[in-house]
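Below is one structure, written out as structure tokens, with a few remarks after it.
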Amino acid sequence: MSAATLPAAARMLAELLTRTAAATGFRAARILLATSATAADGSIARAGIVPVRRDDPLVRLAQAAARPVPFPVAQLSDTALAGIGSTAVTLLLLASNSAAPQPVRDAGEVRVLALIDPLPGSEHPAPAAARIPIEFLDSAVDAVLESVAARHRHDELEHACRLATARIEAEHRLDAADGATDTMAALVRLCAQISGKPVLLCDSRGRVVTAAGYSTRVALPDPAAILRAHGPAHPRRGVPTMVPTGPNSTLTRRKLLAPIVERDSHFGWLVLDEYPAGFADLDQHILTRTARRLGTQFLVQHRIARVAWNARSSLTRQLVRGSGAAEDLAASGEYLGVNTRARRALVYVLRHHTDTGDPERELAQRMEHLLDAEVLSTRGSEGILLLVEAQDATPPAATLTRVKTALAQAATELRIDPGLIAGVSGVCEPSALARAYREAREVAQCIDRFSEHDRHRILAVDDLGPARLFLANGQVGAIHQFVEDTLGPLLRDEAAGPELLRTLDYWFGNGRSIRGTAAELGVHENTVRLRLAKVHTMTGLDVAGHPADQLSVHTALLVQRLRGSTAGAQPRAAVTSAHTGYATDRPADGLLAAAASTEERRTA
């Protein structure tokens, strides 16, 4: 504060102190003010008032004395008057009621008059100082402090008025946006415009939803880093939290972080970046009110999406069951934006007790993103059903390969239980979805019966062929014995067995083609023939020439693939089988008959 704006009382007190010091034989006078209620101000300093701590040695000394105390300058190094270059200081305790010093010591304020450095040739200052009208000085100090406090209150009221006006204006703009905008991105842009700072919106998992105000000069921050710096505090609606920078943080600028919470549901975070200016009180208000409106939008959209999803789930169950008239299903599909006449592949995801949450919705949405195709979902008593739309321009075998790949990727990204088991039907018309459900469920049950549940297992109907009926309904012990009877010599031979099993796997995967198998393995065709002959010698099964033996070995290899052991577990065979379609046109009774025929020939 300049001298021109110094309050009149403060200027009067400064002049009074100067004349008091001269009249009593001192060079200068200072009033030491120890209080927890009055802050330092330019007008106080110009009036000769020095704010000090309550534990300053000069304050303690004056409080303990009953008369003026001469104080040597050598002891001023740790006091408020350190470095004044004087030779002596006389201290007097100022109080409105000098006859009662004890209340002064207990009061909120303590005032000490310090008369500094006696003038050359003057008499001892103590008697003259004792004649100072202390009550008058104390009243003058009160006038100065009241003037400064009034100025502070005036400034605070002006600031509060300006802040209230700015908040009302911001509220009007946000209220107008509620009716003019229908997206959260528009509300985030408005928040950036009002605050003049970049704004970031992320979901509860820290994934970016939208942002505004960021450019090449202001890079988009990592939401995960912001949440790590914020700490594991439970998100509650209220005043935004300041996220600081520091040596243990990767943030280069402070952030204001407001949780988006509505009806005890946490939907995400709203982040305000400290750029290009520092944070102000209005920034917190804008961020808080925007977060509140975003919470309302999140809640409304969440409810609408849940209702629509439930309707789509109900339609999915009707399509799979084949219940309801085709015209009614088509009408429901038109209302929900679902093409009920599209050809689809059915995915049956078997759930286990280790599964948590309701992943069917996120799984379907993630697969839609990966495949760029419509994916319907519903939940059954034992698993999740997904209906994946097949594009007319894509061959069915390629569609199944893409579906299996997308399902595995989606399960990994969503961190679903690593033992996910899924069966995939072939691409079929809507009228065949009930049969596709039975087929995909049988595949999933086969995997569940024979796999170790240690990783994602996803197979299509064509990967197992009609053997799925035998594997899904037969006794597990009998099937294991069948594998031992069929492939036992190869499984026990650690030297030649793995190579022969791998050759058989690739041979069936290439449609029993010697040339294709040799090309896949990178060996000569005669090498493949010799290996098949060695299989015949070790097992007694003529896989090169007898169809029943081929079926038995192929079925045993499928069980090994389900177990996740030997060469039969290689994904190459599963993908190839989807393209070649081997064993897909053989009837189920032929499979069982072929197995029985093999056992009879072995016995003979």
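All residue numbers in this chain count up from 1 along the given sequence.
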To the nearest 0.5 Å, what is the distance between CE on Met538 and CZ on Arg492? 9.0 Å

Picking from Val188, Val208, Leu187, what satisfies side-chain contact (heavy atoms from CB on, under 4.5 Å) with Leu201? Val188

So Leu329 and Leu315, do their side chains get closer than 4.5 Å, heavy atoms only? yes

Side chain Ser552, main chain Ala548, donor-acceptor under 3.5 Å: yes

Kindly give the heavy-atom pair with the smallest separation between Val199 and Leu270, and that separation in Å. CG1-CD1, 3.5 Å

When you measure from the side chain of Thr537 to the backbone of Ala533, do you find a donor-acceptor pair of N or O atoms at a distance under 3.5 Å? yes

Can you tell if the side chain of Leu363 reaches within under 4.5 Å of the side chain of Leu407, non-hydrogen atoms only? yes

Can you find a pair of side-chain heavy atoms, one from Leu294 and one from Phe267, that are under 4.5 Å apart? no

In this structure, are over 12 heavy atoms from other groups packed under 6.0 Å from Arg366 atom CZ? yes

With Asp372, which residues qualify under side-chain hydrogen bond (donor to acceptor under 3.5 Å, both in side chains), at least two apart? none

Does Leu557 form a side chain to side chain contact (heavy atoms under 4.5 Å, CB included) with Leu501? I'd like the steps, not just the answer. CA-CA 8 Å; Leu557 285 175; Leu501 288 171; 4.0 Å; yes

Is His369 atom NE2 crowded by more than 12 heavy atoms from other residues, nucleotides or ligands, each under 6.0 Å away? no

Begin from the C-alpha positions of His230 and Thr241 and carry the test side chain to side chain contact (heavy atoms under 4.5 Å, CB included) through to its verdict. CA-CA 8 Å; His230 172 256; Thr241 304; 3.7 Å; yes

Does Arg217 CZ have over 12 foreign heavy atoms under 6.0 Å away? no

Gap between atom CZ of Arg341 and atom CG of Leu319 - 0.5 Å precision: 11.5 Å

Do the side chain of Asp463 and the main chain of Ala460 share a donor and acceptor less than 3.5 angstrom apart? yes

Please tell me whether Ser313 and Arg317 have a donor and an acceptor in their side chains that are separated by less than 3.5 angstrom. yes

Taking only distance into account, with no hydrogens and no angle test, what donor-acceptor pairs under 3.5 Å do side-chain atoms of residues 422-430 form with protein atoms, sequence neighbours excluded?
| from | atom 1 | to | atom 2 | distance (Å) |
| --- | --- | --- | --- | --- |
| Ser425 | OG | Leu346 | N | 2.9 |
| Ser425 | OG | Leu346 | O | 3.4 |
| Glu429 | OE2 | Arg343 | NE | 3.3 |

Side chain to side chain contact (heavy atoms under 4.5 Å, CB included) for Thr245 and Thr252? Distances and angles first, verdict last. CA-CA 6 Å; Thr245 60; Thr252 58; 5.7 Å; no

Among residues at least two apart in sequence or on other chains, which ones pass side-chain hydrogen bond (donor to acceptor under 3.5 Å, both in side chains) with Glu274? Arg254

Find out whether Val523 and Arg531 are in side-chain contact, i.e. whether some heavy atom of one side chain is under 4.5 Å from a heavy atom of the other. yes

Apply side-chain hydrogen bond (donor to acceptor under 3.5 Å, both in side chains) to Arg321 and list each qualifying residue two or more places apart in sequence or on a separate chain. none

Interatomic distance, CH2@Trp507 vs NE2@His554, rounded to 0.5 Å, equals 10.0 Å

Do Arg379 and Leu385 make a side-chain contact, defined as non-hydrogen atoms from C-beta onward lying under 4.5 Å apart? no

Tightest non-hydrogen contact, residues Asn510 and Glu520, listed as ND2-CG, 3.4 Å

What I'd like to find out is whether the side chain of Val375 reaches to under 4.5 Å of the side chain of Gln365, using heavy atoms alone. no

Minimum-distance pair of heavy atoms, taken over all atoms of Val271 and Lys255: CG1-CB, 3.9 Å

Between CG on residue Leu521 and CD on residue Glu499, distance to nearest 0.5 Å: 8.5 Å

Residues pairing under ring-ring contact (aromatic ring centres under 6.0 Å, His included) where one sits in residues 419-444, two or more places apart or in two chains, turn out to be Tyr348-Tyr437

Walk me through it: do Leu487 and Leu490 pass the test side chain to side chain contact (heavy atoms under 4.5 Å, CB included)? CA-CA 5 Å; Leu487 300 177; Leu490 302 181; 4.1 Å; yes

Determine, for Asp273 against Arg253, whether the closest basic-nitrogen to carboxylate-oxygen distance falls under 4.0 angstrom. yes

How far does OG of Ser377 sit from CD of Glu368, to the nearest 0.5 angstrom? 8.5 Å

Check for a donor-acceptor pair, side chain of Thr394 on one end and backbone N or O of Ala390 on the other, with a separation under 3.5 Å. no

Separation between OG of Ser204 and CD1 of Ile260, rounded to the nearest 0.5 Å: 10.0 Å

Which heavy atom of Met367 sits nearest to which heavy atom of Ala410, and what is that distance? CG-CB, 4.0 Å

Measure the shortest side-chain to side-chain distance between Val483 and Thr555 over non-hydrogen atoms and say whether it is less than 4.5 angstrom. no

When you check the gap from the basic side-chain N to the acidic O, do Glu442 and Arg438 get nearer than 4.0 Å? no

Minimal non-hydrogen separation, Arg344 against Asn339, with atom names: NH2-O, 2.9 Å

How about Leu420 and His456: do any of their side-chain heavy atoms sit closer than 4.5 Å? yes

Using every non-hydrogen atom in the two residues, find where Pro244 and Leu251 come nearest and quote the distance to one decimal. O-CD1, 4.1 Å

Counting distance only, does the side-chain N/O of Asp448 pair as donor-acceptor with the main-chain N or O of Ala444 below 3.5 Å? no

Identify, with sequence neighbours excluded, every residue that meets side-chain hydrogen bond (donor to acceptor under 3.5 Å, both in side chains) alongside Gln409. Glu413

